[in-house]
Amino acid sequence: MSARDAGDKMGVMAADEPSASRLAEVRAARIEKLAKLRELGVDPYPSTFDDRQPIGEARDQAPEQNNDDAEVRVAGRLILWRRHGGSTFANLRDQSGQIQIQLRRDVVGEERYALVKLLEVGDFIGVAGTLFTTKTGELTVRVQEFSILTKALRPLPEKWHGLTDPELRVRKRHLAFIADPEEMQNVATRARFISNVRSFLEDHDFIEVATPVLESIPGGADAEPFTTHHNALDRDFYLRISLELFHKRLIIGGFERVYEIGRVFRNEGIGKEHLQDYDLLEFYWAYADLAALKELVQRFYATVIESTFGTLKLPYGDDVLDFTPPWPEADYFELFRKIGVELADYPTADALLPVAQKLGIADAKPGLGRGRLIDMIYKKEIRSTLVQPQLLTGHPVDISPLAKRDPADPARVQRIQVMMAGSEVGNGFAELNDPLDQRSRFEEQQRLRDAGDREAQMLDEEFLEALEYGMPPTAGFGVSIERWLMYLTNSPSIRDVVAFPLVRPAPEKPNESG
RNA sequence: GGGCCCGUAGCUCAGCGGUAGAGCAGCGGACUUUUAAUCCGAUGGUCGCGGGUUCGAUCCCCGCCGGGCCCCCCA
């Protein structure tokens with residue numbers, strides 16, 4: 001007995017059980033049809049359908065009048081089905097669009113038409129015929145020949161309401177795409193966008209590199225890492241939280257312009273702006289300063305946005321984000337002054353703590369560093385007010401352990417953050433290349449970490465050693481592709497721009513194994 | 001982690017103390033320009049899971065699982 005026969009039997013038998021569900025009956029009925037097709041010598045899963053054209057292309061061949069001379073050959077999934085005895089209307093969909101088809105007994109013949117009873121919504125078929133327009137004005141293929149390409153065994157979501165259960169929509173993404181093909185747009189937009197990002201960087205002589213995902217010490221960002229285990233080495237590794245430190249090692253090694261679009265992993269909360277794994281774009285540019293970076297970043301954003309979306313003005317919620325350069329700059333200390341806090345007056349964490357508490361920041365407690373407190377105040381009081389695309393500059397050194405100090409004010413660093421819609425969508429700075437300063441900043445981070453700040457950065461001795469060999473002046477920049485796309489595509493949740501967002505595994509069904 | 005809400009047929013939803021309902025899909029039938037086709041007929045359920053209250057629970061209570069929204073938080 002072949003595996004296929006066994007599969008058929010099991011499928012049919014499932015419906016014979018007294019407690020069989022509706023789904024099992026539907027599935028059994030479809031398997032029955034499958035068997036009938038085979039009895040009639042029809043292969044329900046042929047290898048191909050030669051010379052098909054995309055439906056969108058076939059539609060463009062529509063004749064001015066119904067002269068029956070536009071021949072088309074299209075294939076796709078049956079998504080609607082209207083049988084009227086000797087004539088059947090159906091809607092066929094492929095990636096390029098959909099079209100109505102008409103199957104007629106007097107055209108395809110009695111024997112062929114009998115197969116219609118063995119087809120149903122969900123199946124893939126291929127058809128060849130001529131275009132005409134019905135009296136209600138719908139472009140339609142009058143089918144001369146048709147063949148089944150794939151028999152579907154499970155029913156599609158309801159044709160009118162589709163798939164609305166948010167849980168099912170993320171657990172069964174394929175059904176969400178079938179029910180709402182416009183959701184496929186985000187996947188396509190992402191591909192186009194990333195392609196434009198690569199083009200821009202490569203036009204500017206950046207080369208794409210790949211750096212390790214498994215790290216002994218995850219660095220380059222304030223975030224909690226995932227851990228994993230390597231069996232052969234019998235030791236734990238971290239999944240990377242940024243690309244930064246390896247890129248700097250490339251610059252130290254002599255590369256001058258590198259970039260990477262790499263998946264990073266952060267073991268933190270899930271929310272409408274946060275994923276636990278996402279594609280981070282970073283680039284590093286030797287012999288460039290902050291002024292050069294500011295110019296390049298604005299041109300970079302404007303170029304890829306324009307080439308992807310055809311405009312520099314994109315709606316987000318109630319706002320229209322205008323990316324036309326030059327963007328305004330907002331000074332970090334100035335923004336604090338506007339909420340009545342002169343940062344220079346609070347040089348220590350102890351001094352700043354009462355300010356944070358007075359602002360009602362519940363998590364502000366003793367032991368946290370000055371940088372963390374500043375960041376908390378900024379996130380609670382300031383960040384959401386930065387709506388139009390702009391550059392936030394002049395950050396305090398406390399929150400920027402990898403950035404070069406501002407020579408005019410050593411308490412601040414040479415850094416920019418791209419802000420839009422009240423969110424950080426891009427971060428860059430003149431990279432700190434003073435190895436001794438870097439060491440002391442790491443040591444400060446380590447102290448905070450020991451004091452309980454789980455997001456404080458770890459001291460990376462190997463990186464410090466590399467830095468001691470000398471890194472030329474370098475500007476670096478990073479941005480989350482998903483966060484960026486979320487705002488550019490006016491998506492309320494970052495999960496909307498991900499094809500398969502993480503879901504908690506469904507609980508095991510009881511009694512499945514007896 | 002805190003607050004509010006949801007889980008009933010494959011899908012979309014009613015019902016909310018007295019043995020479970022509709023539409024779509026599927027099944028049988030009629031129908032050769034329909035388009036959410038229509039009409040006739042038959043069928044379909046561990047009411048998320050477990051406990052409790054009750055003569056009796058889909059319904060009330062408790063716990064758990066899964067999900068959503070709002071806080072909080074990491075790009």
Measure distances between side-chain N and O atoms of [X] and base N and O atoms of [N], and say whether any donor-acceptor pair falls under 3.5 Å.
X        : N     : value
A:Gln100 : B:U34 : yes
A:Thr134 : B:U34 : yes
A:Arg83  : B:U34 : no
A:Arg82  : B:U32 : no
A:Arg105 : B:U32 : no

Start at the 5' end of RNA chain B and walk down; is the nucleotide closest to A:Gln417 or to A:Arg504 reached first?
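Looking at RNA chain B, the more 5' nearest nucleotide goes with A:Arg504.
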Pairwise 5' ranking along RNA chain B for A:Leu156 and A:Lys159, keeping only the more 5' one:
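Closer to the 5' end of RNA chain B: A:Leu156.
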A:Leu175 CG to B:U12 P: how many Å, rounded?
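So the two atoms are 10 Å apart, to the nearest Å.
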May I have the distance from A:Gln276 (atom CD) to B:C73 (atom C1'), rounded to whole angstrom?
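Value for this atom pair: 14 Å.
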side-chain hydrogen bond (donor to acceptor under 3.5 Å, both in side chains) between A:Glu244 and A:His247: does it pass, once the steps are laid out?
CA-CA 5 Å; A:Glu244 177 146 351; A:His247 279 242; over 6 Å; no
Closest approach to the side chain of [X], judged atom by atom: which nucleotide of [options] is it?
X        : options             : answer
A:Ala29  : B:U12, B:G29, B:C27 : B:C27
A:Ser480 : B:G23, B:A75, B:G26 : B:A75
A:Pro166 : B:G67, B:A37, B:U12 : B:G67
A:Arg142 : B:U33, B:G10, B:U34 : B:U33

Identify the nucleotide, in any strand shown, that forms a Watson-Crick or G-U wobble pair with B:C60, with both distances under 3.5 Å; if there is none, say none.
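Pairing partner, where one exists within any strand: B:G52.
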With both distances kept under 3.5 Å, what pairs with B:A37, Watson-Crick or G-U wobble?
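With both distances under 3.5 Å required, B:A37 matches none.
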Please report the distance separating the C1' of B:G56 from the corresponding atom of B:G44, rounded so that it comes out in whole Å.
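Approximately 26 Å lies between the C1' atom of B:G56 and that of B:G44.
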Tell me if the centroids of the rings in A:Phe429 and A:Trp285 come within less than 6.0 Å of each other.
no
Quick one: are the ring centres of A:Tyr378 and A:Phe336 less than 6.0 Å apart?
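Ring centroids of A:Tyr378 and A:Phe336 are no less than 6.0 Å from each other.
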List for me each residue that meets salt bridge (charged side-chain N to carboxylate O under 4.0 Å, His left out) alongside A:Arg240, sequence neighbours excluded, and say none if there are none.
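Salt bridge (charged side-chain N to carboxylate O under 4.0 Å, His left out) check on A:Arg240 returns A:Glu260.
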Pair A:Glu482 + A:Arg495: basic N to acidic O under 4.0 Å:
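No, A:Glu482 and A:Arg495 are not salt-bridged.
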